[in-house]
Asker: 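Structure incoming, see below.
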Amino acid sequence: MYEDFQIGQDYLVWTGAGETMRIEAWGRNSVRVRATRNDAFNPHDWALLPKDKVVEANQSTIDYQNKIEKTSDESCSISLDQNKGEATLTNGSIIVKARSSHHYVGSVGYEVFRCELSFWDDKGRCLLREAPAGGSLMLKARQYEPIAGGSYGLKVSFISSQDEHLYGMGEYQQNILDIKGCTFELAHRNSQASVPFVVSSAGYGFLWHNPAIGRAVFGKNRTEWEARSSDQIDYWITAGDDYAQIESQYADATGHAPVMPEWGLGFWQSKLRYWNQDQVIKVAHGFKERDIPLDLLVVDFFHWPHMGDYRFEDEFWPDPAAMVRELDQLGIKLMVSIWPQVSIASENFVEMKKRNYLTSTEAGLDLDMMFEEPSVNYDATNPGAREFVWNLCKKNYWDKGVRAFWLDEAEPEYGVYDFRNYRYSLGSDLNVGNIYPQLYNKGFYDGQVAEGAKGQIVNLTRCAWAGSQRYGSLVWSGDVGSTFEDMRSQITCAIHMGMAGIPWFTTDMGGFHDGIVDTEDFRELLSRWCAFSCFLPVMRNHGDRSLHSAGGKESVKTANGCRRSPSGADNEPWSYGPQVEQVFRKFIKAREVMRPYTRSLFREAHECGLPLVRGLFFEFPGDRMAADISDEYMFGPDLLVAPVVEAGARARKVWLPGDEGLRWCNLNTGEELRGGQEVQVQTPIDVIPVFARDGKDHGLQGLV
């Protein structure tokens, strides 16, 4: 019934029963769907680029192994069928069917208005459809539960293929690869980054375009997306022939990762924490004297007097500019840690509080954390607050030569994760909280671009949301434990982050918590993690290390005896004895040899939106075994990596995907093997199974 729809050039609008729904072409083979019971849609685009910017991204033609073709002549068409009461919107290879109906229901005594959506590809396959009413059940696919103040608790329910395989959703600490059947909290925590983009083997990608705290359920019988408090339903769907095309279209719609600077390709060194200028210079020279390549050195947290001062503490850092100059002469970049917390003792607290640049609480004390000192997070959703913090960092770091930032605590972290109790300038944490890490990173990226650094920006960050990739965000997996179980989970974290559209990912080598330097167990774990890190987008050593003796940490005090945050035990490659140092040397050398290949992978991520770390399914979608192997992955298209993830293991089984016509070369032994079989591989402490696809070893044969 065409009267139920308003038709535009590339959109259609349905109204009924107090609800307004807009279905709109939004990028190649993609649509955006919004629905609300309010009088207007929320104007924010959150993660999606404005529609005209997505169109601009489609003008160029990029070919990734003849898979991705972008054209500028796609057009949207809309048709109506009066008899069926159905409107059909076609945008490239995605087709949306909106079926409107209203009929009298005797049990309720009035007309019921409905509009049911289904999503199809151009081959006639149903990708996803809204859950039906269920006859007398009278279910609703779009549910609005009223909340005092005008928002709603929202839930959208879909029916999808029971046989589909799902990947993405960001970083959750588990080792499940195919997430069909899983449930996820849509919220950030330390070591959890909720990026609500999921990709299906059925040929679609789905972005829940809503920064509200909520839940996602991928059941066999239905898929459900929930927001605990929100103004509107908002999601985006894209259709593609393969994973590469879907990821490319998602990057067009939400923004491409920038070019990774050359100094991001090598080895990064960090610890908890280098606490004075002399230490930093000594460690830098230690690498040079030992002839161990080093691209970047990190100054971690509490190099400041108080959180929120955003500067070096003078006593311990008398001349930061001179320190940066000396590091530059050694060919080493310096990265400094930034926290969003502002201590009540900070020299900036009163001004930031007065200007409403800090978050607030709905009840109780206006405090977010008590770690080291009482503090409040700065409000990164406030553009003025972002500018204020950047200007402080520009003055105290950038102008002294610092060019890279570690944007820690980016969730942001709270002492208690009670999302009901925090408020930002954009709204309550329940409504908008998941946008925080994206805007936190945006504030620094925009500032660096304004200083002329475009093309040379990479900022390490502990969390991300959809769209974060366009702000130079290198996400690491947070403060995970130092166990083999934790290490194994980082494999699936890396794969799922890439599928969620965040191609830049890394981990704390050896894990963050509880690594004890002088134990054989931890030295084994660190050796295995070092080899694994060699084949991640960024190879980075970090962790809070301890010794068995003398309390295990290094205490820090000012000249007048005031306590400062302690430092962990030494964490340099040579800190663990000659055997571990040799493992580091081996894989740092491999990383250097692999630099041209890694550079090409970052270029693909920039141009095509493709992940560097890929599940086997990505390159071998026709291999049934590849769909759910969680302890192997592809590093780009050519290298299969199978980390050793069990303590004491000196051999492991490896699945070689593909068919008999494919050849895999064991880069340790040189042995060539056919695809489509499981093999047993010997894994001495300094060996990680890596196989080159059809001889494409990138100079690594005999090095790993």
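Owing to the predicted nature of the structure, the values given are computational and were not obtained by experimental measurement.
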Asker: If you define the side chain from C-beta out and look only at heavy atoms, does anything of Val199 sit under 4.5 Å from Glu247?
Answerer: yes
Asker: Check the side chains of Trp236 and Thr254 for a donor-acceptor pair under 3.5 angstrom, ignoring hydrogens and angles.
Answerer: no
Asker: Give, for atom CG of Leu426 and atom CG of Asn42, the distance between the pair rounded to the nearest 0.5 Å.
Answerer: 9.0 Å
Asker: Under the ring-ring contact (aromatic ring centres under 6.0 Å, His included) criterion, do Phe535 and Tyr633 qualify, and how do the steps go?
Answerer: CA-CA 10 Å; Phe535 299 95; Tyr633 63 94; 7.9 Å; no
Asker: Who passes ring pair (Phe, Tyr, Trp, His ring centres under 6.0 Å) against Tyr471, sequence neighbours left out?
Answerer: Tyr445
Asker: In terms of relative ring orientation, are Tyr235 and Trp208 parallel, tilted or perpendicular, with 30° and 60° separating the classes?
Answerer: parallel
Asker: Sequence neighbours left out, what passes side chain to side chain donor-acceptor pair (under 3.5 Å) with Thr20? Give chain and number order.
Answerer: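 Applying side chain to side chain donor-acceptor pair (under 3.5 Å) to Thr20 gives none.
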Asker: Measure the shortest side-chain to side-chain distance between His44 and Ile435 over non-hydrogen atoms and say whether it is less than 4.5 angstrom.
Answerer: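 Contact flag for His44/Ile435 side chains = no.
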Asker: Please, which pairs that meet salt bridge (charged side-chain N to carboxylate O under 4.0 Å, His left out) have at least one residue in residues 228-240, sequence neighbours excluded?
Answerer: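 Found Arg32-Asp234.
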Asker: Determine whether the side chains of Tyr144 and Glu19 contain a donor N or O and an acceptor N or O closer than 3.5 Å.
Answerer: yes
Asker: Answer yes or no: is there a side-chain heavy-atom contact under 4.5 Å between Phe5 and Ile78?
Answerer: no
Asker: Applying the side chain to side chain donor-acceptor pair (under 3.5 Å) test to Ser160, which of Lys180, Lys220, Arg129 qualifies?
Answerer: Lys180
Asker: If we only count heavy atoms from C-beta on, is the Leu536 to Val613 side-chain gap below 4.5 Å?
Answerer: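 Touching, per the 4.5 Å side-chain cut-off.
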Asker: Is a donor on one side and an acceptor on the other found under 3.5 Å between the side chain of His209 and the backbone of Leu48?
Answerer: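 Looks like yes, one N/O pair under 3.5 Å.
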Asker: Can any side-chain N or O of Thr359 pair as donor or acceptor with the backbone N or O of Asn377 at less than 3.5 Å?
Answerer: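 Confirmed, Thr359 side chain pairs with Asn377 backbone.
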Asker: Could you note down all residue pairs passing side-chain hydrogen bond (donor to acceptor under 3.5 Å, both in side chains) where residues 489-502 supplies at least one of them, sequence neighbours left out?
Answerer: Gln173-Gln490, Ser477-Gln490
Asker: Using every non-hydrogen atom in the two residues, find where Gly153 and Ile147 come nearest and quote the distance to one decimal.
Answerer: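 Smallest interatomic distance, heavy atoms only, reads N-CD1, 3.5 Å.
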Asker: Hey, mind stepping through Ser533 and Thr507 against side chain to side chain contact (heavy atoms under 4.5 Å, CB included) and telling me if it holds?
Answerer: CA-CA 8 Å; Ser533 294; Thr507 72; 4.1 Å; yes
Asker: Go through the steps for Phe371 and Trp339 under the test side chain to side chain contact (heavy atoms under 4.5 Å, CB included), then give the verdict.
Answerer: CA-CA 12 Å; Phe371 179 62; Trp339 276 32; 3.7 Å; yes
Asker: Distance-only, no hydrogens or angles: does the Asn459 side chain make a donor-acceptor pair with backbone N or O of Ser473 under 3.5 Å?
Answerer: no
Asker: Under a 3.5 Å distance rule, please check whether Glu362 uses its side chain to pair with a backbone N or O of Arg423 as donor and acceptor.
Answerer: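 No.
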Asker: Please collect all salt bridge (charged side-chain N to carboxylate O under 4.0 Å, His left out) contacts where either partner lies in residues 486-497, sequence neighbours excluded, each pair once.
Answerer: none
Asker: Is the closest basic N to carboxylate O distance between Arg125 and Glu164 below 4.0 Å?
Answerer: no
Asker: Between Tyr422 and Tyr414, what is the ring plane arrangement, given parallel below 30°, perpendicular above 60°, and tilted in between?
Answerer: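 Parallel: the ring planes of Tyr422 and Tyr414 meet at under 30°.
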Asker: How far does OG of Ser191 sit from CG of Asp479, to the nearest 0.5 angstrom?
Answerer: 7.5 Å
Asker: For residues 203-216, which residue pairs pass the salt bridge (charged side-chain N to carboxylate O under 4.0 Å, His left out) check, not counting sequence neighbours?
Answerer: Arg215-Glu226
Asker: Okay, side chain of Trp529, backbone of Thr483: is any donor-acceptor separation there less than 3.5 Å?
Answerer: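 Not confirmed, Trp529 side chain does not pair with Thr483 backbone.
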Asker: So Leu640 and Val654, do their side chains get closer than 4.5 Å, heavy atoms only?
Answerer: yes
Asker: Would you mind reporting whether Phe505 and Cys493 have side-chain heavy atoms less than 4.5 Å apart?
Answerer: yes
Asker: Show your working on side chain to side chain contact (heavy atoms under 4.5 Å, CB included) between Ile95 and Thr88 and close with a plain yes or no.
Answerer: CA-CA 7 Å; Ile95 301 164; Thr88 301; 3.5 Å; yes
Asker: Would the distance check show the side chain of Asp429 and the main-chain N or O of Val432 forming a donor-acceptor pair, the cut-off being under 3.5 Å?
Answerer: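 No: the side chain of Asp429 does not pair with the backbone of Val432.
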Asker: Checking Arg142 side chain against Cys115 main chain: does a donor-acceptor pair fall under 3.5 Å?
Answerer: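 Flag set: sc Arg142 to bb Cys115 pair under 3.5 Å.
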Asker: Quick test of your reading of the model: are Glu411 and Arg189 salt-bridged, counting only N-O distances below 4.0 Å?
Answerer: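 Answer for the salt bridge query: no.
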Asker: Backbone N or O of Ser425 within a donor-acceptor pair of the Asn382 side chain at under 3.5 Å?
Answerer: no
Asker: CG of Asp418: more than 12 outside heavy atoms within 6.0 angstrom?
Answerer: yes
Asker: Are His188 and Tyr436 packed together at the side-chain level, in the sense that at least one heavy-atom pair is separated by less than 4.5 angstrom?
Answerer: no
Asker: For Asp623 versus Gly658, what's the shortest heavy-atom pair and its separation?
Answerer: OD2-N, 3.2 Å
Asker: Should we say atom CD of Glu224 is surrounded by more than 12 heavy atoms from elsewhere, each under 6.0 Å from it?
Answerer: yes
Asker: Do the ring planes of Tyr250 and Phe197 sit parallel (below 30°), tilted (30 to 60°) or perpendicular (above 60°)?
Answerer: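 It falls in the parallel class, under 30°.
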Asker: With the side chain counted from C-beta on, respond yes when Lys51 and Glu24 share a heavy-atom pair under 4.5 Å apart, and no when they do not.
Answerer: yes
Asker: Specify the closest pair of heavy atoms between Asn29 and Gly92, including all atoms of both residues, with the distance to one decimal.
Answerer: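 Nearest pair, atom of Asn29 first, then Gly92: OD1-CA, 3.4 Å.
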Asker: Ignoring hydrogens, what is the shortest heavy-atom contact between Pro132 and Leu139? Give both atom names and the distance.
Answerer: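 Pro132 and Leu139 have their closest heavy atoms at O-CB, 3.9 Å.
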Asker: Mind checking the CG-CD spacing from Leu12 to Gln6? Nearest 0.5 Å is all I need.
Answerer: 10.0 Å
Asker: Without swapping roles, check the side chain of Arg222 against the backbone of Val217 for a donor-acceptor pair under 3.5 Å.
Answerer: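 No: the side chain of Arg222 does not pair with the backbone of Val217.
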Asker: With under 30° as parallel and over 60° as perpendicular, where do the rings of Trp225 and Phe206 fit, or are they tilted in between?
Answerer: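 Ring orientation of Trp225 relative to Phe206: parallel.
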Asker: Under a 3.5 Å cutoff, is there a donor and acceptor pairing between the side chains of Asp4 and Trp14?
Answerer: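 There is no such pair between these side chains.
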Asker: Quick test of your reading of the model: are Asp81 and Lys97 salt-bridged, counting only N-O distances below 4.0 Å?
Answerer: no
Asker: Regarding Arg28 and Ser248, do their side chains bring together a donor and an acceptor under 3.5 Å, going by distance alone?
Answerer: yes
Asker: For residues Lys84 and Arg99, report the shortest heavy-atom separation together with the two atoms involved.
Answerer: O-NE, 3.6 Å
Asker: Mind listing the closest non-hydrogen atom pair of Ala212 and Asn434 along with its distance?
Answerer: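 Ala212 and Asn434 have their closest heavy atoms at O-ND2, 3.1 Å.
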Asker: Please lay out, stage by stage, how Ile491 and Phe532 fare under the test side chain to side chain contact (heavy atoms under 4.5 Å, CB included).
Answerer: CA-CA 9 Å; Ile491 300 173; Phe532 166 47; 3.9 Å; yes
Asker: In terms of side-chain heavy atoms, does Asn210 have a donor or acceptor partner in Trp46 at a distance below 3.5 Å?
Answerer: no
Asker: If only atom types and distance count, is the side chain of Asn421 paired as donor or acceptor with the main-chain N or O of Ala363 below 3.5 Å?
Answerer: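 Pair found, side chain donor or acceptor close to backbone of Ala363.
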Asker: Regarding Ser201 and Tyr243, is there a side-chain donor-to-acceptor distance under 3.5 Å anywhere?
Answerer: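 Checked: Ser201/Tyr243 side chains show no N/O donor-acceptor pair below 3.5 Å.
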Asker: May I ask you to check if Arg22 and Phe41 form a cation-pi contact, with NZ or CZ under 6.0 angstrom from the six-membered ring centre and within 45° of the axis?
Answerer: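 The answer is no; the distance or angle limit is not met.
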